[in-house]
Amino acid sequence: MAENEWLSKDFYKVLGVSKDASDQEITKAYRKLARKYHPDLNKTKEAEEKFKDISEAYDVLSNKEQRQKYDAIRQFGMGGARFAGGSGQGGFDASGFADMFGGMFGGGAGGNGSRIRFSTSGGGNPNLNDIFSMFGGAQGAGAAGAGSPYGGAGYGYEEPPRPQQGKDRNSKITLTLRQAVKGATVSLSVDGEKFKTHIPAGVKDGQKIRLAGKGHAGINGGKHGDLYLAVSVKDDPTFAMRGRDIVMDLPVSVGEAVAGAKVTARDIDGNEVTFKVPAGSSSGTEVRIAGKGVQRGNTPGDLVGRVMIQVPAKPGLGVKHAAKEFDKAAGEYVER
(Lines give C-alpha, C1' and ligand atoms only; values in the text may rest on other atoms or scores of the structure.)
Protein backbone atom coordinates (compact mmCIF):
# COMPACT_ATOMS: atom_id res chain seq x y z
CA MET A 1 0.00 0.00 0.00
CA ALA A 2 1.38 3.45 -0.92
CA GLU A 3 2.32 5.78 1.92
CA ASN A 4 0.02 8.51 0.60
CA GLU A 5 -2.92 6.32 1.61
CA TRP A 6 -1.90 6.15 5.26
CA LEU A 7 -4.09 9.11 6.27
CA SER A 8 -7.20 7.09 5.50
CA LYS A 9 -6.10 3.90 7.31
CA ASP A 10 -6.20 3.33 11.07
CA PHE A 11 -3.83 0.36 11.37
CA TYR A 12 -4.11 0.25 15.16
CA LYS A 13 -7.85 -0.17 14.88
CA VAL A 14 -7.45 -2.85 12.21
CA LEU A 15 -5.29 -4.94 14.57
CA GLY A 16 -7.36 -4.05 17.63
CA VAL A 17 -4.45 -2.60 19.64
CA SER A 18 -3.76 0.75 21.28
CA LYS A 19 -1.45 3.35 19.74
CA ASP A 20 1.18 2.68 22.41
CA ALA A 21 1.08 -1.12 21.96
CA SER A 22 4.42 -2.92 22.22
CA ASP A 23 5.96 -4.90 19.36
CA GLN A 24 5.00 -8.13 21.12
CA GLU A 25 1.38 -7.02 21.48
CA ILE A 26 1.20 -6.06 17.81
CA THR A 27 2.64 -9.43 16.70
CA LYS A 28 0.32 -11.34 19.03
CA ALA A 29 -2.73 -9.47 17.71
CA TYR A 30 -1.69 -10.07 14.11
CA ARG A 31 -1.18 -13.80 14.59
CA LYS A 32 -4.55 -14.16 16.27
CA LEU A 33 -6.33 -12.40 13.41
CA ALA A 34 -4.26 -14.22 10.76
CA ARG A 35 -5.41 -17.59 12.07
CA LYS A 36 -9.01 -16.42 11.88
CA TYR A 37 -9.01 -14.78 8.45
CA HIS A 38 -6.24 -16.53 6.48
CA PRO A 39 -7.65 -17.64 3.08
CA ASP A 40 -6.33 -21.15 3.62
CA LEU A 41 -8.49 -21.41 6.73
CA ASN A 42 -11.41 -19.11 5.91
CA LYS A 43 -12.69 -19.31 2.33
CA THR A 44 -15.05 -16.31 2.37
CA LYS A 45 -14.45 -13.19 0.29
CA GLU A 46 -14.81 -11.02 3.39
CA ALA A 47 -12.07 -13.01 5.14
CA GLU A 48 -9.72 -12.53 2.18
CA GLU A 49 -10.20 -8.75 2.26
CA LYS A 50 -9.85 -8.70 6.03
CA PHE A 51 -6.60 -10.66 5.81
CA LYS A 52 -5.18 -8.14 3.33
CA ASP A 53 -6.05 -5.28 5.69
CA ILE A 54 -4.44 -6.88 8.74
CA SER A 55 -1.35 -7.85 6.72
CA GLU A 56 -0.95 -4.24 5.53
CA ALA A 57 -1.37 -2.98 9.06
CA TYR A 58 1.18 -5.42 10.44
CA ASP A 59 3.74 -4.66 7.71
CA VAL A 60 3.77 -1.00 8.75
CA LEU A 61 3.45 -1.30 12.53
CA SER A 62 6.00 -4.12 12.85
CA ASN A 63 8.68 -1.98 11.15
CA LYS A 64 10.05 0.62 13.58
CA GLU A 65 10.92 3.17 10.90
CA GLN A 66 7.66 2.71 9.02
CA ARG A 67 5.66 2.97 12.25
CA GLN A 68 7.35 6.28 13.13
CA LYS A 69 6.48 7.70 9.74
CA TYR A 70 2.92 6.43 9.98
CA ASP A 71 2.39 7.90 13.46
CA ALA A 72 3.81 11.26 12.32
CA ILE A 73 1.68 11.46 9.19
CA ARG A 74 -1.44 10.46 11.08
CA GLN A 75 -0.73 13.22 13.58
CA PHE A 76 -0.13 15.67 10.75
CA GLY A 77 -3.35 14.68 8.99
CA MET A 78 -5.36 15.21 12.17
CA GLY A 79 -4.36 18.88 12.47
CA GLY A 80 -0.67 19.06 13.34
CA ALA A 81 0.12 21.01 10.13
CA ARG A 82 -1.74 22.16 7.03
CA PHE A 83 -1.52 22.56 3.26
CA ALA A 84 -1.60 26.11 1.90
CA GLY A 85 -2.19 27.27 -1.67
CA GLY A 86 0.41 29.32 -3.51
CA SER A 87 0.60 31.26 -6.72
CA GLY A 88 0.74 28.66 -9.44
CA GLN A 89 1.99 25.82 -7.21
CA GLY A 90 0.80 23.87 -4.19
CA GLY A 91 2.26 25.05 -0.92
CA PHE A 92 2.81 23.44 2.49
CA ASP A 93 2.98 25.28 5.80
CA ALA A 94 5.57 23.28 7.74
CA SER A 95 5.81 25.42 10.87
CA GLY A 96 4.21 22.72 13.01
CA PHE A 97 5.42 19.86 10.86
CA ALA A 98 9.09 20.79 11.32
CA ASP A 99 8.81 20.76 15.09
CA MET A 100 7.07 17.41 14.96
CA PHE A 101 9.75 15.65 12.92
CA GLY A 102 12.85 17.60 13.91
CA GLY A 103 13.64 15.47 16.95
CA MET A 104 12.33 12.28 15.43
CA PHE A 105 14.46 12.15 12.28
CA GLY A 106 17.46 14.30 13.18
CA GLY A 107 16.87 17.77 11.81
CA GLY A 108 14.09 20.22 11.03
CA ALA A 109 11.83 20.01 8.05
CA GLY A 110 12.73 23.48 6.91
CA GLY A 111 13.33 25.70 9.94
CA ASN A 112 11.01 27.74 12.08
CA GLY A 113 8.24 29.47 10.14
CA SER A 114 9.65 28.27 6.79
CA ARG A 115 7.42 27.53 3.84
CA ILE A 116 8.23 24.34 1.93
CA ARG A 117 6.88 23.94 -1.57
CA PHE A 118 6.57 20.74 -3.60
CA SER A 119 6.08 20.47 -7.28
CA THR A 120 3.18 18.30 -8.33
CA SER A 121 2.51 16.82 -11.71
CA GLY A 122 -1.14 17.77 -11.65
CA GLY A 123 -0.91 21.11 -9.94
CA GLY A 124 -3.10 19.94 -7.05
CA ASN A 125 -2.23 18.91 -3.52
CA PRO A 126 1.34 17.72 -2.95
CA ASN A 127 2.12 14.01 -3.10
CA LEU A 128 2.70 12.67 0.42
CA ASN A 129 5.52 10.47 -0.93
CA ASP A 130 7.44 13.73 -1.51
CA ILE A 131 6.88 14.63 2.13
CA PHE A 132 8.14 11.24 3.34
CA SER A 133 11.32 11.61 1.31
CA MET A 134 12.32 14.41 3.68
CA PHE A 135 12.98 12.02 6.55
CA GLY A 136 14.56 8.84 5.34
CA GLY A 137 13.39 8.29 1.79
CA ALA A 138 10.02 7.08 0.57
CA GLN A 139 9.54 3.41 1.12
CA GLY A 140 6.18 2.26 -0.11
CA ALA A 141 4.50 -0.38 1.94
CA GLY A 142 3.81 -2.28 -1.24
CA ALA A 143 6.66 -4.63 -0.42
CA ALA A 144 4.41 -6.25 2.10
CA GLY A 145 5.61 -9.37 3.77
CA ALA A 146 9.06 -8.42 5.01
CA GLY A 147 9.35 -9.41 8.62
CA SER A 148 5.88 -10.93 8.74
CA PRO A 149 5.80 -14.33 10.43
CA TYR A 150 2.83 -15.28 8.24
CA GLY A 151 4.22 -14.16 4.92
CA GLY A 152 2.91 -10.57 4.96
CA ALA A 153 0.23 -9.82 2.36
CA GLY A 154 0.99 -13.07 0.60
CA TYR A 155 -0.95 -16.22 1.28
CA GLY A 156 1.87 -18.40 2.58
CA TYR A 157 0.75 -19.59 6.01
CA GLU A 158 3.23 -20.89 8.52
CA GLU A 159 1.76 -22.80 11.44
CA PRO A 160 3.12 -21.70 14.82
CA PRO A 161 5.21 -24.38 16.54
CA ARG A 162 2.94 -27.00 18.06
CA PRO A 163 3.58 -28.46 21.50
CA GLN A 164 4.97 -31.98 21.30
CA GLN A 165 4.93 -34.52 24.10
CA GLY A 166 8.33 -35.75 25.22
CA LYS A 167 9.55 -39.26 24.48
CA ASP A 168 8.80 -42.12 26.85
CA ARG A 169 11.42 -43.83 29.00
CA ASN A 170 11.82 -47.51 29.87
CA SER A 171 13.27 -48.88 33.08
CA LYS A 172 13.28 -52.08 35.17
CA ILE A 173 12.67 -53.00 38.78
CA THR A 174 13.01 -56.30 40.68
CA LEU A 175 10.69 -57.18 43.59
CA THR A 176 10.47 -60.00 46.07
CA LEU A 177 7.30 -62.07 45.92
CA ARG A 178 6.10 -60.54 49.16
CA GLN A 179 6.54 -57.02 47.72
CA ALA A 180 4.59 -58.08 44.64
CA VAL A 181 1.81 -59.54 46.81
CA LYS A 182 1.59 -56.69 49.29
CA GLY A 183 2.61 -53.75 47.12
CA ALA A 184 5.64 -51.60 47.86
CA THR A 185 6.90 -48.02 47.84
CA VAL A 186 10.15 -47.82 45.90
CA SER A 187 12.67 -45.06 45.20
CA LEU A 188 13.59 -44.26 41.60
CA SER A 189 15.86 -41.74 39.89
CA VAL A 190 15.36 -39.95 36.56
CA ASP A 191 18.04 -37.55 35.26
CA GLY A 192 19.48 -37.32 38.76
CA GLU A 193 16.11 -36.46 40.29
CA LYS A 194 14.98 -38.95 42.93
CA PHE A 195 11.33 -39.67 43.62
CA LYS A 196 9.18 -42.36 45.21
CA THR A 197 6.33 -44.29 43.66
CA HIS A 198 3.95 -46.97 44.87
CA ILE A 199 3.86 -50.40 43.24
CA PRO A 200 0.31 -51.78 43.57
CA ALA A 201 -0.41 -55.08 45.33
CA GLY A 202 -0.67 -58.07 43.04
CA VAL A 203 1.75 -56.89 40.35
CA LYS A 204 2.87 -59.76 38.09
CA ASP A 205 6.27 -60.78 36.78
CA GLY A 206 6.79 -59.14 33.36
CA GLN A 207 4.08 -56.53 33.93
CA LYS A 208 4.74 -52.91 32.95
CA ILE A 209 3.69 -50.01 35.14
CA ARG A 210 3.15 -46.59 33.56
CA LEU A 211 4.34 -43.55 35.52
CA ALA A 212 2.80 -40.52 33.84
CA GLY A 213 5.00 -37.46 33.27
CA LYS A 214 8.27 -39.16 34.26
CA GLY A 215 9.62 -39.43 30.70
CA HIS A 216 11.63 -36.95 28.63
CA ALA A 217 10.70 -33.25 28.60
CA GLY A 218 8.28 -32.02 25.95
CA ILE A 219 9.04 -29.63 23.07
CA ASN A 220 7.48 -26.16 22.66
CA GLY A 221 5.77 -26.44 26.02
CA GLY A 222 4.47 -29.97 25.46
CA LYS A 223 3.91 -32.45 28.27
CA HIS A 224 6.61 -34.77 29.58
CA GLY A 225 6.57 -38.32 28.28
CA ASP A 226 5.86 -41.33 30.49
CA LEU A 227 8.09 -43.84 32.24
CA TYR A 228 7.30 -47.53 31.71
CA LEU A 229 8.61 -49.69 34.53
CA ALA A 230 9.10 -53.39 33.68
CA VAL A 231 8.62 -55.54 36.79
CA SER A 232 10.55 -58.71 37.58
CA VAL A 233 9.39 -60.83 40.55
CA LYS A 234 11.84 -63.18 42.25
CA ASP A 235 10.84 -66.80 42.80
CA ASP A 236 10.00 -67.75 46.38
CA PRO A 237 10.83 -71.21 47.79
CA THR A 238 7.49 -71.49 49.64
CA PHE A 239 4.87 -69.30 47.98
CA ALA A 240 3.64 -68.51 44.50
CA MET A 241 1.02 -66.07 43.20
CA ARG A 242 -1.84 -67.36 41.04
CA GLY A 243 -4.14 -64.53 40.08
CA ARG A 244 -5.21 -63.07 43.44
CA ASP A 245 -4.49 -66.28 45.35
CA ILE A 246 -1.29 -67.13 47.17
CA VAL A 247 -0.43 -70.81 46.79
CA MET A 248 1.78 -72.90 49.09
CA ASP A 249 2.54 -76.58 49.62
CA LEU A 250 0.92 -78.04 52.75
CA PRO A 251 2.73 -81.13 54.07
CA VAL A 252 0.43 -83.68 55.82
CA SER A 253 0.93 -87.20 57.12
CA VAL A 254 -0.83 -90.26 55.75
CA GLY A 255 -3.03 -90.44 58.81
CA GLU A 256 -4.00 -86.72 58.51
CA ALA A 257 -4.82 -87.16 54.86
CA VAL A 258 -6.90 -90.27 55.50
CA ALA A 259 -8.72 -89.21 58.64
CA GLY A 260 -8.77 -85.45 58.11
CA ALA A 261 -7.07 -82.93 60.40
CA LYS A 262 -6.42 -79.30 61.26
CA VAL A 263 -2.94 -78.52 59.99
CA THR A 264 -1.06 -75.41 61.04
CA ALA A 265 1.32 -73.46 58.78
CA ARG A 266 2.66 -69.92 58.37
CA ASP A 267 1.47 -67.39 55.77
CA ILE A 268 3.63 -65.04 53.69
CA ASP A 269 3.83 -62.57 56.61
CA GLY A 270 5.07 -65.30 58.97
CA ASN A 271 1.80 -65.47 60.88
CA GLU A 272 0.41 -68.83 61.96
CA VAL A 273 -2.70 -70.05 60.12
CA THR A 274 -4.74 -73.26 60.31
CA PHE A 275 -5.95 -75.26 57.32
CA LYS A 276 -8.81 -77.74 57.61
CA VAL A 277 -7.80 -80.83 55.64
CA PRO A 278 -10.84 -83.01 54.88
CA ALA A 279 -10.70 -86.78 55.32
CA GLY A 280 -9.65 -88.67 52.25
CA SER A 281 -7.42 -85.90 50.86
CA SER A 282 -4.77 -86.87 48.33
CA SER A 283 -1.62 -85.02 47.31
CA GLY A 284 -2.65 -82.09 45.12
CA THR A 285 -5.92 -81.51 46.92
CA GLU A 286 -6.32 -77.78 47.60
CA VAL A 287 -7.68 -76.30 50.81
CA ARG A 288 -8.30 -72.58 51.32
CA ILE A 289 -8.31 -69.85 53.91
CA ALA A 290 -10.52 -67.09 52.54
CA GLY A 291 -9.26 -63.51 52.35
CA LYS A 292 -5.61 -64.32 53.01
CA GLY A 293 -4.48 -63.77 49.44
CA VAL A 294 -3.72 -60.56 47.52
CA GLN A 295 -5.51 -57.64 49.18
CA ARG A 296 -6.47 -55.60 46.14
CA GLY A 297 -9.89 -54.26 45.28
CA ASN A 298 -13.15 -55.33 46.86
CA THR A 299 -12.53 -59.06 46.42
CA PRO A 300 -9.31 -60.23 48.10
CA GLY A 301 -7.81 -63.54 47.10
CA ASP A 302 -7.32 -66.66 49.25
CA LEU A 303 -4.39 -68.48 50.77
CA VAL A 304 -4.36 -71.90 49.11
CA GLY A 305 -2.72 -74.94 50.74
CA ARG A 306 -1.86 -77.69 48.28
CA VAL A 307 -1.87 -81.03 50.17
CA MET A 308 1.41 -82.90 49.93
CA ILE A 309 1.31 -86.30 51.72
CA GLN A 310 4.63 -86.99 53.43
CA VAL A 311 6.03 -90.44 54.34
CA PRO A 312 9.21 -91.26 56.28
CA ALA A 313 12.37 -91.18 54.18
CA LYS A 314 13.62 -94.38 55.96
CA PRO A 315 10.57 -96.29 57.28
CA GLY A 316 11.23 -98.99 59.85
CA LEU A 317 9.77 -102.54 59.79
CA GLY A 318 6.78 -101.50 61.89
CA VAL A 319 5.88 -98.64 59.57
CA LYS A 320 6.26 -100.85 56.52
CA HIS A 321 4.03 -103.53 58.08
CA ALA A 322 1.41 -100.90 59.03
CA ALA A 323 1.46 -99.53 55.51
CA LYS A 324 0.80 -102.97 54.04
CA GLU A 325 -2.02 -103.52 56.45
CA PHE A 326 -3.44 -100.11 55.49
CA ASP A 327 -3.40 -101.07 51.84
CA LYS A 328 -5.20 -104.33 52.60
CA ALA A 329 -7.84 -102.49 54.60
CA ALA A 330 -8.30 -99.74 52.04
CA GLY A 331 -8.65 -102.07 49.07
CA GLU A 332 -8.00 -101.11 45.48
CA TYR A 333 -8.27 -97.32 45.89
CA VAL A 334 -5.23 -96.38 43.78
CA GLU A 335 -5.91 -95.90 40.09
CA ARG A 336 -2.70 -96.61 38.28
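Looking only at distances, no side-chain donor or acceptor of Q68 sits under 3.5 Å from a matching main-chain atom of E65. Side-chain atoms of E193 do not come within 3.5 Å of backbone N or O of V190 as any donor-acceptor pair. Side chain of D302 to backbone of V304: no donor-acceptor contact under 3.5 angstrom is found. The closest donor-acceptor contact from the side chain of S281 to the backbone of P278 lies under 3.5 Å. Formation of a donor-acceptor pair under 3.5 Å by the S283 side chain with backbone atoms of I309 is found in this model. Remark: the backbone N or O of V247 is not paired with any side-chain donor or acceptor of D245 at under 3.5 angstrom. Put simply, the side chain of K43 never gets that close to the backbone of L41: no donor and acceptor are under 3.5 Å apart. With hydrogens and angles ignored, the 3.5 Å screen pairs a side-chain donor or acceptor of E256 with a backbone N or O of S253. With Q207 contributing its side chain and K204 its backbone, the two residues share a donor-acceptor pair below 3.5 Å.
The pair K320-E325 fails the salt-bridge criterion, with no side-chain N (NZ, NE, NH1 or NH2) lying under 4.0 Å from an Asp/Glu carboxylate O. Under the 4.0 Å criterion applied to side-chain N and carboxylate O atoms, D236 and R178 are not assigned as salt-bridge partners. A salt bridge is defined here as a Lys NZ or Arg NE, NH1 or NH2 lying under 4.0 Å from an Asp or Glu carboxylate O, and D23 with K28 fails to meet this definition. Under a 4.0 Å N-O distance rule, the pair D53/K13 does not qualify as a salt bridge.
The nearest pair of heavy atoms linking Q165 to G225 is NE2-CA, 3.9 Å. What you find for A29 and V17 is that their closest heavy atoms are CB-CG1, 3.6 Å. Closest non-hydrogen pair, V181 versus A201, comes out as O-CB, 3.3 Å. Contact detail for G213 and D226: the closest heavy-atom pair is N-OD1, 3.0 Å. Of all heavy-atom pairs spanning G297 and R244, the tightest one is CA-NH1, 4.4 Å. The minimum heavy-atom distance between R67 and L61, with the atom names listed, is CD-O, 3.5 Å.
Looking only at side-chain heavy atoms (C-beta outward), V307 and V263 stay at 4.5 Å or farther from each other. Contact annotation: the side chain of Y58 approaches that of T27 to within less than 4.5 Å [non-hydrogen atoms, C-beta and beyond]. K208 has its side chain within reach of N170: a pair of non-hydrogen atoms, C-beta onward, lies under 4.5 Å apart. Counting heavy atoms from C-beta outward, L227 and S171 have side chains that approach closer than 4.5 Å. Side chains of T185 and T197 form no contact here, defined as non-hydrogen atoms less than 4.5 Å apart. Put simply, the side chain of K276 does not reach to within 4.5 Å of the side chain of I289, judged on heavy atoms.
M241 CE to D205 CG: the interatomic distance, rounded to the nearest 0.5 Å, is 8.5 Å. A distance of 11.0 Å separates CE of M308 from OG1 of T285, quoted to the nearest 0.5 Å. If you take NZ on K19 and OH on Y70, they are separated by 7.5 Å, rounding to the nearest 0.5 Å. Rounding to the nearest 0.5 Å gives a distance of 8.5 Å between CG of D249 and OG1 of T238. One finds the OG atom of S55 at 3.5 Å from the OH atom of Y30 (value rounded to the nearest 0.5 Å). Here the CG atom belonging to L303 is positioned 6.0 Å from the CE atom belonging to M248, to the nearest 0.5 angstrom.
By the criterion of side-chain heavy atoms lying less than 4.5 angstrom apart, applied directly or through intervening Ile, Leu, Val, Met, Phe, Trp or Tyr residues, L177 is grouped together with I209 in one hydrophobic cluster. Cluster membership check: V273 shares its hydrophobic cluster with F239, using side-chain heavy-atom separations under 4.5 Å among Ile, Leu, Val, Met, Phe, Trp and Tyr. Follow the hydrophobic side-chain contacts under 4.5 Å out from V252 and you reach F326 in the same cluster. Cluster membership for I199 and Y228, using ILVMFWY side-chain heavy atoms within less than 4.5 angstrom, is not shared. V277 is connected to V311 through a chain of hydrophobic side-chain contacts under 4.5 Å among Ile, Leu, Val, Met, Phe, Trp and Tyr, so both are in one cluster.
By the 6.0 Å and 45° rule, K214 stacks over the aromatic ring of F195.
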Determine whether K36 and K32 satisfy the following criterion, side chain to side chain contact (heavy atoms under 4.5 Å, CB included), listing intermediate values before the conclusion.
CA-CA 7 Å; K36 182 176 180 181; K32 181 178 179 180; over 6 Å; no
Steps toward side chain to side chain contact (heavy atoms under 4.5 Å, CB included) verdict (H216, R169):
CA-CA 7 Å; H216 293 280; R169 298 179 187 269; 3.5 Å; yes
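Here the two rings, on F51 and Y37, have centers that are 6.0 Å apart or farther.
Side chains of Y12 and D71: a donor on one and an acceptor on the other come within 3.5 Å.
Surrounding CG of N220 are more than 12 heavy atoms belonging to other residues, nucleotides or ligands, all under 6.0 Å away. Remark: K194 NZ is loosely packed, at most 12 non-hydrogen atoms of other residues, nucleotides or ligands lying under 6.0 Å away.
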